[in-house]
Amino acid sequence: MADVYDALAAPARRAILDVLADRDDQTLFEIVARLVAEHDLGLTRQAVSQHLAVLEDAGLVSARRRGRSKLHTLDTGPLREIARRWPDKDSP
C-alpha cells in the first residue's frame, strides 16, 4: 500500500493518471503530448517513462505490448483498496 501513496505523491504522476483515466491503451508518445496540451507539463519522454514505471510498480498502471508500441492503461484497483480501508462513516 505504501507504494501507492508514494506513487500518488508526485503531481506529474497524478496528471498521468488523469490522462489515462480518459482513455485506455495510450502510448508513451500520446501521454507526453496530452500532458503538454492538457496539463501544461513539458516533461521529456524519459521522465514520463520513469513516472510510468513507478505507477506500474504501484499497480496503478498496467502495460502491454502491441507490436513496437507499449500501451498503458489505468488500473483503479489499488485506489478502491484505499477507499475500502477507510469507509465513509455516514454511509449505511
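Separation of atoms CG (Leu55) and CG (Leu17) is listed at 5.0 Å; rounding is to 0.5 Å. Distance check, rounded to the nearest 0.5 Å: CZ of Arg84 to CG of Leu79 gives 10.5 Å. In this structure, CG in Leu28 is found 9.0 Å from CD1 in Ile16, a value given to the nearest 0.5 Å.
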Please determine whether side chain to side chain contact (heavy atoms under 4.5 Å, CB included) holds for the pair Val4 and Leu60, giving the CA-CA distance in whole Å, both sets of side-chain angles, and the decisive distance to 0.1 Å.
CA-CA 7 Å; Val4 174; Leu60 292 164; 4.3 Å; yes

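Ala47 is linked by a side chain to side chain contact (heavy atoms under 4.5 Å, CB included) to Leu43, Thr44, counting only residues two or more places apart in sequence or in another chain. The salt bridge (Lys or Arg N to Asp or Glu O under 4.0 Å) search around Arg23 returns Glu30, not counting sequence neighbours. For Asp22, the salt bridge (Lys or Arg N to Asp or Glu O under 4.0 Å) test picks out Arg34, with sequence neighbours left out. Listed by chain and number, the residues in a side chain to side chain contact (heavy atoms under 4.5 Å, CB included) with Val54 are Ala7, Arg13 (sequence neighbours excluded).
Sorted by first then second residue, the salt bridge (charged side-chain N to carboxylate O under 4.0 Å, His left out) pairs that include residues 42-51, not counting sequence neighbours, number zero. Within the structure, every pair that satisfies the side chain to side chain donor-acceptor pair (under 3.5 Å) test and touches residues 62-76, not counting sequence neighbours, is listed here: Asp25-Arg64, Asp25-Thr73, Thr76-Arg80.
In this structure, Asp3 and Asp57 have side chains that are not in contact, with every pair of non-hydrogen atoms separated by 4.5 Å or more. Here the side chains of Asp40 and Leu35 are not in contact, with every heavy-atom distance at 4.5 Å or above.
Between Arg14 and Leu8, the shortest heavy-atom distance links the atoms NH1-O, 2.7 Å.
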